[in-house]
Amino acid sequence: MPEVVDTLDLGDGYRLSITGEGTTLSALPMVRDGVGWHRAEPGDGTAEAVLDLLAGQPGSQTRGNFTVRSWSAQRAVSERAMGVDQTNESVIVGDKAVVKWATHLQEGPHPAPVRVAALRDAGFTGMPAPWGLVTWHPSGRAETLAVSVDEYLPGAVDGWTWAVELVTSAASCGAIEPITTAAADVGALIAQLHAALAPTESVASADDARRWHRDALDLLERACALSESTSGQVLQAHRHEVLAELDCLQGMSGVSAIEGHGDLHVGQVLLSGGRFVVTDFDGNPVLPASQRGLPIPTVVDVAGMAQSLAHVAIVAAKYTVLEPSALAAVDAAARDSFLDAYVHQLDTLGHARLYDPRPLRALRLQQVMREMVYAAEHLPRWMYVPDAALPALFEEGTDR
Ligand code: ADP
Ligand code: MG
């Protein structure tokens with residue numbers, strides 16, 4: 001058993017333990033039996049104990065190095081594993097709540113507590129209702145998220161399922177309306193998200209703009225070095241064009257920035273009971289921890305989502321034989337529908353000034369380059385996506 005660094009007593013023979021060392025720490029559910037403490041499994045009751053703790057103390061309370069924030073007085077019983085492929089460990093309790101243990105504790109400052117609380121305070125309902133959070137902030141370390149508890153959404157699937165299905169049927173039988181309607185719903189949802197985060201608005205400084213530009217240039221060099229991949233070769237051939245495209249990031253000084261989502265793509269949008277909700281406010285995993293919680297221009301989120309719709313089309317074509325021109329038409333229609341609905345909804349909500357679309361294409365390129373580096377370093381089987389996305393983005397031209 002790895003070393004226990006800290007513990008939060010959850011009562012009745014349950015606790016949350018922070019274990020490990022250095023930067024590889026875990027927040028783990030623990031249960032006591034006759035012999036001593038051991039790692040709890042779904043069914044042992046530790047997630048139920050977290051719900052009891054939240055229900056018993058509304059508001060915010062600090063105990064040792066932990067802070068418990070509760071927005072729910074509900075309890076639930078009967079635990080089961082989420083049973084999906086995930087980084088952390090989620091336990092469903094009574095089909096009402098999801099208790100997520102940060103088994104891969106992220107280096108702080110963790111962006112989620114601030115963003116989730118801001119969204120909740122603004123009355124934003126386009127996310128699973130947050131029930132509570134447990135954060136850990138030992139001296140000398142920035143605060144991070146140890147446990148989060150959200151409303152459970154039955155039958156929820158993310159966009160790598162729902163969007164791929166809709167794009168596949170649109171490209172194979174011409175039923176385009178379901179995907180354009182879904183993309184418009186998601187555009188409106190993201191506009192509502194940004195409008196709810198408007199109170200966090202700040203103005204990007206010249207230093208911010210310089211950092212965005214410099215980071216994009218560094219990324220370009222890393223991605224160009226991936227000469228074994230098709231996308232690495234394509235990128236190298238278009239290097240000057242991309243350099244010129246990224247120039248606009250230098251001009252971002254003075255634009256509005258908010259505590260945006262920061263890692264937005266279709267995989268973060270769940271569909272449950274006909275409703276779309278946005279999840280995962282952990283920030284962008286490819287950024288250093290110190291940058292994950294910084295304000296971003298809204299166009300960063302918009303570009304992430306728009307580009308992921310293009311990736312959906314590529315994933316769809318991998319699993320079903322689809323006519324390329326039909327697929328390209330569906331892809332363009334879905335993206336236009338998303339962008340139009342986003343702009344319209346943001347305007348309707350009175351926050352049009354939050355969106356400056358100028359760097360949209362540069363940021364879509366950045367997103368593809370991030371996927372290239374991510375695939376090369378962590379997930380080689382994903383490389384076919386940037387390999388197809390990059391040439392498509394160059395062909396698309398600069399009209400949007
Ligand atoms: P991780 O960060 O560990 O990968 P996520 O929070 O991204 O975990 O969730 C992984 C998956 O769990 C999602 O893609 C979705 O299928 C499911 N999921 C997440 N939150 C909920 C929820 N509130 N209700 C139902 N299912 C959820
Ligand atoms: Mg996730």
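Both counts, for ligands and for their atoms, begin at 1 and track the order of listing. Index from 1, following the sequence.
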Requested in this report: For ligand 1, indicate whether the residue Asp158 contacts it via side chain, backbone, both or neither (heavy-atom separation under 4.0 Å).
Outcome: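 The part of Asp158 near ligand 1 is the side chain, not the backbone.
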Query raised in the report: At under 4.0 Å between heavy atoms, which part of Thr87 makes contact with ligand 1: side chain, backbone, both or neither?
Result: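 Answer for Thr87: both.
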Would you check if the side chain of [X] reaches a backbone N or O of [Y] as a donor-acceptor pair within less than 3.5 Å?
X     : Y     : value
Asp44 : Glu41 : yes
Ser17 : Thr19 : no
Glu79 : Glu48 : yes

Close-contact set for ligand 1 against [X] heavy atoms, below 4.0 Å:
X      : answer
Val84  : 11 (C), 12 (O)
Val98  : 22 (C), 23 (N), 24 (N)
Asn88  : 2 (O), 3 (O)
Tyr152 : 24 (N), 25 (C)
Ala156 : 25 (C), 26 (N)
Pro128 : 23 (N)

**Report entry** Distance-only donor-acceptor check, side chains Thr103 and Glu89, under 3.5 Å
**Finding:** no
Query raised in the report: Between Arg335 and Asp331, is the closest basic N to carboxylate O distance under 4.0 Å?
Result: yes
**Report entry** Ion pair check, Asp95 and Arg80, cut-off under 4.0 Å
**Finding:**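 Salt bridge flag = yes for Arg80 with Asp95.
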Requested in this report: Please name the residue in the list Thr67, Asn65, Thr62 that meets the side chain to side chain donor-acceptor pair (under 3.5 Å) test with His137.
Outcome: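 It is Thr67, the one option of Thr67, Asn65, Thr62 that forms the side chain to side chain donor-acceptor pair (under 3.5 Å) with His137.
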Query raised in the report: Any N or O on Gln86 sitting closer than 3.5 Å to an N or O of ligand 1?
Result: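 Yes; at least one N/O pair falls below 3.5 Å.
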Have a look at [options] and point out the one with the heavy atom closest to [atom].
atom                    : options                        : answer
atom 21 (C) of ligand 1 : Asp263, Leu153, Thr103, Leu270 : Leu270
atom 23 (N) of ligand 1 : Glu151, Met82, Met127          : Glu151
atom 2 (O) of ligand 1  : Glu89, Lys100, Gln106, Gln268  : Lys100

Query raised in the report: Thr298 and Asp301: side-chain hydrogen bond (donor to acceptor under 3.5 Å, both in side chains), yes or no, with the steps?
Result: CA-CA 6 Å; Thr298 54; Asp301 280 349; over 6 Å; no
